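Just follow the structure's listing: the first ligand is 1, and inside any ligand the first atom is 1. Please read these numbers as outputs of a predicted model, since none were measured by experiment.
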Amino acid sequence: MRIRLDTGKAVTEVNKHYSQAFDGEKIIRQLHLSYPQGPTAFQLAPIDQLHIGGIKASMKLLQQIKLCRPNRVLDLGSGLGGLMRLIESELRINVVGLDITHEFNQTHQHISQLLPSFNAPKLITSDAQQLPFCSDSFDLIIFQHSLLNIPNSQQALAECRRVLKPQGRLLLHEVIQGANTGAMHFPVPWAREPSNSHLITQTDLESLLEQAGFIIQSYDDWSQEALAWRQKQLSKEQQSQSETAAVSPAMILGPEFKKMGSNVVKNLELDAIRIIELVAQADC
Ligand SMILES: C[S@@+](CC[C@H](N)C(=O)[O-])C[C@H]1O[C@@H](n2cnc3c(N)ncnc32)[C@H](O)[C@@H]1O
(Lines give C-alpha, C1' and ligand atoms only; values in the text may rest on other atoms or scores of the structure.)
Protein backbone atom coordinates (compact mmCIF):
# COMPACT_ATOMS: atom_id res chain seq x y z
CA MET A 1 0.00 0.00 0.00
CA ARG A 2 1.43 3.41 -0.89
CA ILE A 3 -0.67 6.54 -0.47
CA ARG A 4 0.44 10.04 -1.32
CA LEU A 5 -1.19 12.95 0.50
CA ASP A 6 -0.88 16.68 -0.05
CA THR A 7 1.79 17.74 2.44
CA GLY A 8 1.63 21.51 1.88
CA LYS A 9 4.28 24.18 1.45
CA ALA A 10 5.70 24.19 4.97
CA VAL A 11 7.65 21.02 4.31
CA THR A 12 9.24 21.86 0.97
CA GLU A 13 12.55 22.70 2.66
CA VAL A 14 12.77 19.24 4.25
CA ASN A 15 11.85 17.63 0.94
CA LYS A 16 14.54 19.64 -0.81
CA HIS A 17 17.15 18.67 1.78
CA TYR A 18 16.53 14.93 1.39
CA SER A 19 15.78 14.74 -2.32
CA GLN A 20 18.27 17.16 -3.90
CA ALA A 21 21.15 14.65 -4.09
CA PHE A 22 19.12 11.47 -3.68
CA ASP A 23 19.47 8.89 -6.46
CA GLY A 24 17.02 6.07 -5.74
CA GLU A 25 17.49 4.39 -9.12
CA LYS A 26 21.25 4.19 -8.63
CA ILE A 27 20.74 2.68 -5.16
CA ILE A 28 18.44 -0.04 -6.52
CA ARG A 29 20.78 -0.76 -9.47
CA GLN A 30 23.80 -1.07 -7.16
CA LEU A 31 21.96 -3.32 -4.70
CA HIS A 32 20.71 -5.53 -7.50
CA LEU A 33 24.19 -5.86 -9.06
CA SER A 34 26.06 -6.39 -5.78
CA TYR A 35 23.54 -8.65 -4.03
CA PRO A 36 21.58 -10.65 -6.62
CA GLN A 37 20.17 -12.88 -3.84
CA GLY A 38 18.97 -9.77 -1.97
CA PRO A 39 20.94 -7.60 0.51
CA THR A 40 21.14 -8.38 4.23
CA ALA A 41 20.17 -5.87 6.92
CA PHE A 42 23.88 -5.11 7.46
CA GLN A 43 24.51 -4.55 3.74
CA LEU A 44 21.59 -2.10 3.62
CA ALA A 45 22.58 -0.27 6.83
CA PRO A 46 24.69 2.53 5.20
CA ILE A 47 21.51 3.83 3.54
CA ASP A 48 18.53 2.57 5.52
CA GLN A 49 19.87 3.30 9.03
CA LEU A 50 20.15 7.04 8.47
CA HIS A 51 20.80 8.04 12.07
CA ILE A 52 23.73 8.35 14.48
CA GLY A 53 24.47 4.87 15.83
CA GLY A 54 23.49 2.88 12.73
CA ILE A 55 22.07 -0.64 12.89
CA LYS A 56 23.57 -1.18 16.36
CA ALA A 57 21.36 1.59 17.78
CA SER A 58 18.29 0.14 16.04
CA MET A 59 19.02 -3.32 17.51
CA LYS A 60 19.12 -1.67 20.96
CA LEU A 61 15.76 0.02 20.29
CA LEU A 62 14.26 -3.39 19.51
CA GLN A 63 14.66 -4.28 23.20
CA GLN A 64 12.39 -1.36 24.21
CA ILE A 65 9.90 -2.21 21.46
CA LYS A 66 9.74 -5.82 22.64
CA LEU A 67 8.98 -4.65 26.19
CA CYS A 68 6.02 -2.57 24.90
CA ARG A 69 4.51 -5.67 23.22
CA PRO A 70 2.64 -3.56 20.66
CA ASN A 71 0.17 -4.78 18.06
CA ARG A 72 0.05 -1.69 15.84
CA VAL A 73 3.22 0.36 15.36
CA LEU A 74 3.76 3.64 13.50
CA ASP A 75 7.27 4.76 12.43
CA LEU A 76 7.22 8.53 11.83
CA GLY A 77 9.92 9.60 9.37
CA SER A 78 10.62 6.01 8.34
CA GLY A 79 13.22 6.95 5.68
CA LEU A 80 14.35 3.93 3.65
CA GLY A 81 12.85 1.54 6.20
CA GLY A 82 15.78 0.01 8.13
CA LEU A 83 14.05 0.03 11.52
CA MET A 84 10.71 -1.11 10.05
CA ARG A 85 12.33 -4.13 8.40
CA LEU A 86 14.16 -5.04 11.64
CA ILE A 87 10.97 -4.84 13.71
CA GLU A 88 9.11 -6.97 11.17
CA SER A 89 11.85 -9.60 10.79
CA GLU A 90 13.08 -9.80 14.42
CA LEU A 91 9.83 -9.23 16.32
CA ARG A 92 7.22 -10.28 13.73
CA ILE A 93 5.26 -7.07 14.32
CA ASN A 94 3.70 -5.16 11.42
CA VAL A 95 4.64 -1.50 11.14
CA VAL A 96 3.11 1.41 9.22
CA GLY A 97 5.74 3.85 7.89
CA LEU A 98 5.03 7.52 7.29
CA ASP A 99 7.51 9.88 5.63
CA ILE A 100 7.27 13.30 4.06
CA THR A 101 9.87 12.49 1.38
CA HIS A 102 7.95 10.63 -1.30
CA GLU A 103 11.13 9.51 -3.11
CA PHE A 104 12.21 7.73 0.09
CA ASN A 105 8.92 5.82 0.26
CA GLN A 106 9.26 4.77 -3.38
CA THR A 107 12.82 3.49 -2.88
CA HIS A 108 11.84 1.89 0.44
CA GLN A 109 9.25 -0.13 -1.47
CA HIS A 110 11.74 -1.07 -4.22
CA ILE A 111 14.33 -2.21 -1.65
CA SER A 112 11.73 -4.48 -0.03
CA GLN A 113 11.05 -6.04 -3.44
CA LEU A 114 14.72 -7.14 -3.63
CA LEU A 115 14.49 -9.17 -0.43
CA PRO A 116 13.83 -12.92 -0.48
CA SER A 117 11.15 -12.51 2.21
CA PHE A 118 9.27 -9.80 0.30
CA ASN A 119 6.43 -8.21 2.22
CA ALA A 120 4.87 -5.08 0.71
CA PRO A 121 5.54 -2.31 3.26
CA LYS A 122 2.63 -0.15 4.40
CA LEU A 123 3.83 3.35 3.53
CA ILE A 124 2.24 6.77 3.54
CA THR A 125 3.68 10.02 2.24
CA SER A 126 2.47 12.61 4.70
CA ASP A 127 3.45 15.11 7.39
CA ALA A 128 3.93 13.97 10.99
CA GLN A 129 2.38 17.27 12.07
CA GLN A 130 -1.00 16.26 10.56
CA LEU A 131 -1.43 12.53 10.88
CA PRO A 132 -3.89 10.90 8.46
CA PHE A 133 -5.22 8.39 11.03
CA CYS A 134 -8.25 8.08 13.28
CA SER A 135 -7.86 8.59 17.02
CA ASP A 136 -6.78 5.57 19.13
CA SER A 137 -5.15 3.73 16.20
CA PHE A 138 -1.69 2.67 17.45
CA ASP A 139 -0.03 1.03 20.46
CA LEU A 140 3.43 2.44 19.74
CA ILE A 141 4.77 5.42 17.78
CA ILE A 142 8.48 5.80 17.02
CA PHE A 143 10.55 8.83 16.01
CA GLN A 144 14.07 7.85 14.99
CA HIS A 145 15.99 11.02 14.08
CA SER A 146 12.93 12.68 12.53
CA LEU A 147 11.59 14.98 15.27
CA LEU A 148 14.84 16.88 14.60
CA ASN A 149 13.38 18.05 11.26
CA ILE A 150 9.93 19.00 12.52
CA PRO A 151 9.30 22.74 12.98
CA ASN A 152 6.23 22.35 15.22
CA SER A 153 7.14 19.54 17.61
CA GLN A 154 4.26 20.54 19.90
CA GLN A 155 1.75 19.84 17.12
CA ALA A 156 3.49 16.58 16.12
CA LEU A 157 3.40 15.33 19.74
CA ALA A 158 -0.26 16.33 20.13
CA GLU A 159 -1.03 14.37 16.96
CA CYS A 160 0.83 11.37 18.39
CA ARG A 161 -1.23 11.54 21.57
CA ARG A 162 -4.44 11.68 19.48
CA VAL A 163 -3.66 8.61 17.36
CA LEU A 164 -2.18 6.57 20.23
CA LYS A 165 -4.46 4.37 22.25
CA PRO A 166 -4.75 5.23 25.98
CA GLN A 167 -1.55 4.02 27.66
CA GLY A 168 0.08 3.60 24.24
CA ARG A 169 3.81 4.40 24.08
CA LEU A 170 6.01 6.88 22.32
CA LEU A 171 9.63 5.86 21.66
CA LEU A 172 12.16 8.53 20.69
CA HIS A 173 15.68 7.95 19.39
CA GLU A 174 16.53 11.57 18.71
CA VAL A 175 19.11 14.33 18.52
CA ILE A 176 18.50 17.16 20.99
CA GLN A 177 20.40 20.34 21.88
CA GLY A 178 23.39 19.97 24.19
CA ALA A 179 24.60 22.59 26.70
CA ASN A 180 26.76 24.28 24.03
CA THR A 181 24.26 24.62 21.20
CA GLY A 182 25.85 27.90 20.00
CA ALA A 183 28.91 25.91 18.89
CA MET A 184 26.91 23.88 16.35
CA HIS A 185 28.66 23.18 13.00
CA PHE A 186 26.67 22.87 9.74
CA PRO A 187 25.99 21.07 7.46
CA VAL A 188 24.77 18.02 9.41
CA PRO A 189 23.00 15.00 7.87
CA TRP A 190 19.53 16.37 8.71
CA ALA A 191 20.12 20.00 7.70
CA ARG A 192 22.46 21.89 5.40
CA GLU A 193 21.69 25.12 7.24
CA PRO A 194 20.33 26.06 10.71
CA SER A 195 16.82 26.89 9.40
CA ASN A 196 16.16 23.19 8.70
CA SER A 197 17.39 21.92 12.08
CA HIS A 198 14.73 21.85 14.79
CA LEU A 199 16.56 20.53 17.83
CA ILE A 200 15.06 21.25 21.23
CA THR A 201 16.48 21.06 24.75
CA GLN A 202 15.81 18.15 27.12
CA THR A 203 13.77 20.50 29.36
CA ASP A 204 11.61 21.70 26.47
CA LEU A 205 11.12 18.16 25.20
CA GLU A 206 10.00 16.98 28.64
CA SER A 207 7.56 19.84 29.10
CA LEU A 208 6.14 19.45 25.55
CA LEU A 209 5.57 15.77 26.25
CA GLU A 210 3.77 16.54 29.50
CA GLN A 211 1.60 19.22 27.84
CA ALA A 212 0.67 16.75 25.10
CA GLY A 213 -0.53 14.20 27.69
CA PHE A 214 2.48 11.90 28.12
CA ILE A 215 4.17 10.54 31.23
CA ILE A 216 7.91 10.02 30.76
CA GLN A 217 8.91 6.47 31.69
CA SER A 218 12.61 6.39 30.85
CA TYR A 219 15.31 8.70 29.55
CA ASP A 220 18.77 7.55 28.49
CA ASP A 221 21.67 9.58 27.08
CA TRP A 222 23.41 7.63 24.28
CA SER A 223 25.82 10.44 23.30
CA GLN A 224 29.05 8.70 24.33
CA GLU A 225 28.39 5.51 22.38
CA ALA A 226 27.05 7.57 19.46
CA LEU A 227 30.31 9.53 19.40
CA ALA A 228 32.42 6.35 19.47
CA TRP A 229 30.32 4.90 16.61
CA ARG A 230 30.57 8.07 14.47
CA GLN A 231 34.34 8.36 15.07
CA LYS A 232 34.75 4.78 13.83
CA GLN A 233 32.63 5.53 10.74
CA LEU A 234 34.64 8.68 10.08
CA SER A 235 37.92 6.81 10.16
CA LYS A 236 36.51 4.25 7.67
CA GLU A 237 35.32 7.11 5.43
CA GLN A 238 38.75 8.79 5.59
CA GLN A 239 40.51 5.55 4.67
CA SER A 240 38.04 5.26 1.73
CA GLN A 241 36.90 1.86 3.03
CA SER A 242 33.28 2.96 2.63
CA GLU A 243 33.86 3.60 -1.11
CA THR A 244 34.18 -0.17 -1.62
CA ALA A 245 30.68 -0.70 -0.13
CA ALA A 246 27.86 -1.11 -2.68
CA VAL A 247 25.84 1.73 -1.17
CA SER A 248 26.71 4.71 1.00
CA PRO A 249 24.96 7.67 2.70
CA ALA A 250 26.49 9.87 -0.02
CA MET A 251 23.94 8.34 -2.43
CA ILE A 252 21.29 10.03 -0.29
CA LEU A 253 23.00 13.21 0.88
CA GLY A 254 25.55 13.75 -1.90
CA PRO A 255 29.29 14.54 -1.62
CA GLU A 256 28.56 16.90 1.31
CA PHE A 257 28.00 13.81 3.46
CA LYS A 258 31.75 13.72 4.33
CA LYS A 259 31.53 17.17 5.90
CA MET A 260 28.20 16.32 7.56
CA GLY A 261 29.70 13.20 9.15
CA SER A 262 32.73 15.01 10.53
CA ASN A 263 30.50 17.83 11.85
CA VAL A 264 28.46 15.28 13.80
CA VAL A 265 31.68 14.22 15.57
CA LYS A 266 32.57 17.86 16.33
CA ASN A 267 29.05 18.64 17.57
CA LEU A 268 29.03 15.64 19.91
CA GLU A 269 32.53 16.42 21.20
CA LEU A 270 31.52 20.04 21.88
CA ASP A 271 28.22 19.03 23.56
CA ALA A 272 26.35 21.05 20.91
CA ILE A 273 24.11 17.98 20.39
CA ARG A 274 23.14 14.92 22.42
CA ILE A 275 21.63 11.61 21.35
CA ILE A 276 18.84 10.31 23.54
CA GLU A 277 16.43 7.43 23.88
CA LEU A 278 13.16 8.27 25.63
CA VAL A 279 10.02 6.28 26.36
CA ALA A 280 6.75 8.02 27.30
CA GLN A 281 3.29 6.65 27.96
CA ALA A 282 0.04 8.29 26.89
CA ASP A 283 -2.19 9.14 29.85
CA CYS A 284 -5.59 7.50 30.05
C1 LIG B 1 17.50 11.65 9.33
S2 LIG B 1 16.21 10.88 8.42
C3 LIG B 1 15.90 9.43 9.42
C4 LIG B 1 15.21 8.34 8.64
C5 LIG B 1 14.97 7.05 9.43
N6 LIG B 1 14.14 7.27 10.60
C7 LIG B 1 16.28 6.42 9.83
O8 LIG B 1 16.64 6.53 11.01
O9 LIG B 1 16.94 5.83 8.96
C10 LIG B 1 14.78 11.90 8.79
C11 LIG B 1 13.53 11.44 8.10
O12 LIG B 1 12.41 12.17 8.60
C13 LIG B 1 11.57 12.51 7.51
N14 LIG B 1 10.78 13.71 7.91
C15 LIG B 1 11.24 14.94 8.16
N16 LIG B 1 10.23 15.77 8.49
C17 LIG B 1 9.09 15.03 8.45
C18 LIG B 1 7.72 15.30 8.69
N19 LIG B 1 7.30 16.53 9.02
N20 LIG B 1 6.83 14.30 8.56
C21 LIG B 1 7.24 13.06 8.21
N22 LIG B 1 8.52 12.74 7.95
C23 LIG B 1 9.45 13.70 8.08
C24 LIG B 1 12.54 12.76 6.38
O25 LIG B 1 11.92 12.72 5.11
C26 LIG B 1 13.55 11.65 6.59
O27 LIG B 1 13.17 10.47 5.96
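Nearest to atom 21 (C) of ligand 1 by heavy-atom distance, out of Ile100, Asn152, Leu131, is Ile100. Nearest-heavy-atom check against atom 10 (C) of ligand 1 across His17, Glu103, His145, Gln49 picks out His145.
Arg162 and Glu159 are joined by a salt bridge, as a carboxylate oxygen and a charged side-chain nitrogen come within less than 4.0 angstrom of each other. Here Lys165 pairs with Asp139 in a salt bridge; the nearest charged N to carboxylate O distance falls below 4.0 Å. Ion pairing between a basic and an acidic side chain is recognised when a charged N comes within 4.0 Å of a carboxylate O; Glu256 and Arg192 show such pairing.
With a 4.5 Å cut-off on side-chain heavy atoms, Asp283 and Arg161 count as touching.
A donor-acceptor contact under 3.5 angstrom links the side chains of Gln49 and Ser58, judged on distance only. With 3.5 Å as the limit, one finds a donor-acceptor pair spanning the side chains of Asn149 and Tyr18.
On a distance-only criterion, Leu98 and ligand 1 share no N/O pair closer than 3.5 Å. The shortest N or O to N or O distance between Phe104 and ligand 1 is not below 3.5 Å. Note: an N/O pair closer than 3.5 Å links His51 and ligand 1 by distance alone. Checking only distances, Gln144 does come within under 3.5 Å of ligand 1, N or O to N or O.
Under a 4.0 Å criterion applied to the non-hydrogen atoms of Asn149, ligand 1 contributes the atoms 10 (C), 15 (C), 16 (N). Those atoms of ligand 1 that come under 4.0 Å of a heavy atom in Asp127, given as number and element, are 18 (C), 19 (N), 20 (N). For ligand 1, the atoms lying closer than 4.0 Å to a non-hydrogen atom of Thr101 are 24 (C), 25 (O).
The nearest pair of heavy atoms linking His173 to Leu61 is CB-CD1, 3.8 Å.
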Solution key, residues 32-47 side-chain donor-acceptor pairs under 3.5 Å, sequence neighbours excluded:
residue : atom : partner : partner atom : Å
Ser34   : OG   : Gln30   : O            : 2.9
Thr40   : OG1  : Phe42   : N            : 3.4
Thr40   : OG1  : Gln43   : N            : 3.1
Thr40   : OG1  : Gln43   : OE1          : 3.3
Gln43   : OE1  : Thr40   : N            : 2.8

Would you give me the side-chain donor-acceptor pairs under 3.5 Å for residues 65-78, sequence neighbours excluded?
residue : atom : partner : partner atom : Å
Arg72   : NH1  : Ser137  : O            : 3.2
Ser78   : OG   : Leu98   : N            : 3.3

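In this structure, Asp99 counts as a contact residue of ligand 1, since one of its heavy atoms falls inside 4.0 Å of the ligand. For the pair Ser126 and ligand 1, a heavy-atom separation below 4.0 Å is found.
Counting heavy atoms closer than 4.0 Å to ligand 1, residue Asp48 contributes backbone atoms (N, CA, C, O) but none from C-beta onward. The proximity of Val14 to ligand 1, defined as any non-hydrogen pair under 4.0 Å, is limited to the side chain. At a 4.0 Å heavy-atom cut-off, ligand 1 touches Tyr18 through the side chain alone.
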